[in-house]
Amino acid sequence: MNTTATKNPCKLCAPLGASLVFKGIRGAIPVLHGSQGCATYIRGYFISHFREPVDIASSNFVETTSIFGGEKNLCEALENINRQYNPEVIGVATTCLSETIGDNVPLFLNNFLKKKGSEPFPDIIFASTPSYSGSHIDGFHAAVKAVVEYYSHFRETADLLSARGREGNSVAVLPNFVSPEDIRHLKEIILDFGVNPVFVPDYSQTLDGVSWNKYEKIPEGGTSKEELLSLRKVSSVIELGNSLNEKDSAGKFLESEVGTKRHGLGLPIGIDLTDDFFNSLKIISGRKIPDKYIAQRGRLVDAYCDAHKYLFGKKAVVFGDEDMVVSIARFLCETGIIPVLCASGAQGSELKKALQQLSMEYKNKIVIRTKADFVDIEEEAVALKPDFLIGNSKGYTLSRKMGVPLIRVGFPVHDRFGASRISHLCYKGTQELFDRIVNTIIAKKQSESAAGYTYM
Ligand code: SF4
């Protein structure tokens, strides 16, 4: 739609992505430098999606802070957090307000730590995340890079590196904004190759944990400081998602500054992209693909054949995070479904570039929308008459209005249970997603038919 305003954007707020990263570091607590509302909104989104208690602190801007700056508030927040949570790490992310008034947070943190002198204090990691110039995915990548840079620059790590050399059997994994279940599955695969993964971040336990007998202020789990310090020693890094530019990529930072071999891969959804992921692991580990994954691949190919009669020529609208949209679109094309509209609120041109790689058969049938909001998506979708929508739960209003089903993937999923355990990745995750898609198509046909078929 040709307007200057965004209505119901197809993206979320940048410090939300940064907060998720900090939730995946052991003993860490995120603090947002800005007003309380930002932290409350992000907590609300996390709690509703992950169904776990989530603490996010705030430097609590009021009118005077907005005029005179937030240094004093930030210092007080750091002291309070340290006293109340006793964290190992404090992750500071900025918000629209503190960025707009030009608060120099690195300088504030420097002043704060100078005043502390030799007094022990948690590690403070800072990510600049103005939401008006990026999405939750930009905030996520900014925080991953901040964590990687922070621990790569530790003096003791450099000494360790020169003393012991590189560790061939460890790999850094930058998994992108995926579900806790996806992180667990990636970990299982990499360990099956005999390689030890260091995830940045790993919220597979902190945001999908076991029940507690008493409230834990900071949940168990996350990547430990020792693991983060080992990042300089690993010989390879797997960075998932191709939408990252040079400047924002932690993997490229490790490659250029530390000499780590980078494997930049698309999110492994569908057979082609998962094959790329497994081939990289073969190179990194020097081992064959374990039989269990060859069997998973075989079952997925068989399922593609069995379900072809239900799916061929069906049309889908795909929306959400850029990397997720690209990988899902490529996967749908493998199955005979045409992703007639691929839309993301992201600003980048990567979506167009990545989808240009599809075969001519599909390329000319796909409408691509970047910087999209749900008004744009609705306008296009109504004209394209899709059989289903696939994306996060923000698409429910459109799905209801159009009377077409929504297959929920990614983040956020606020209107279904078990979002933490949605599988998207590799042969197994693709299989689960594929079965959901096929059953959605069958269920729609069944409910629309007057005959009341019981065999479909
Ligand atoms: S004001 Fe900016 S940082 Fe705060 S919640 Fe809104 S978009 Fe996010």
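Atoms within each ligand, like the ligands themselves, are counted from 1 in listed order. What you see is a predicted model, and the numbers here were worked out from it, not measured in a lab.
In terms of protein heavy-atom proximity, atom 2 (Fe) of ligand 1 is nearest to Cys96 SG, 2.3 Å.
In summary, Cys38 places no N/O/S atom under 2.8 Å from atom 8 (Fe) of ligand 1, failing the contact criterion. Checking Cys13 against atom 2 (Fe) of ligand 1, every N/O/S atom stays at or beyond the 2.8 Å cut-off.
Side-chain contact, Tyr85 with Asn80: no donor N or O sits under 3.5 Å from an acceptor N or O.
Heavy-atom contacts from other residues, nucleotides or ligands closer than 6.0 Å to NZ of Lys371 number 12 or fewer.
By the criterion of a heavy-atom distance under 4.0 Å, the side chain of Ser131, and not its backbone, is placed next to ligand 1. Neither the backbone nor the side chain of Ser35 has a heavy atom within less than 4.0 Å of ligand 1.
Distance check for atom 6 (Fe) of ligand 1: every protein heavy atom is found at 4.0 Å or beyond.
Below 4.0 Å from some heavy atom of Thr95 lie the following atoms of ligand 1, by number and element: 3 (S). Interface of Tyr41 with ligand 1, defined as ligand atoms under 4.0 Å from a residue heavy atom, comprises 5 (S).
Proximity of Leu332 to Ile437: side-chain heavy atoms (C-beta onward) are separated by under 4.5 Å at one or more points.
In summary, Glu255 and Lys261 do not engage in a salt bridge, as defined by a charged side-chain N under 4.0 Å from a carboxylate O. Here Arg26 pairs with Glu226 in a salt bridge; the nearest charged N to carboxylate O distance falls below 4.0 Å.
The aromatic rings of Phe177 and Phe140 sit tilted relative to each other, their planes meeting at an angle between 30° and 60°. Ring planes of His414 and Tyr45: perpendicular class, angle over 60° (limits at 30 and 60°).
Judged by the shortest distance from any of its heavy atoms, Gly34 lies outside the 4.0 Å radius around the atoms of ligand 1.
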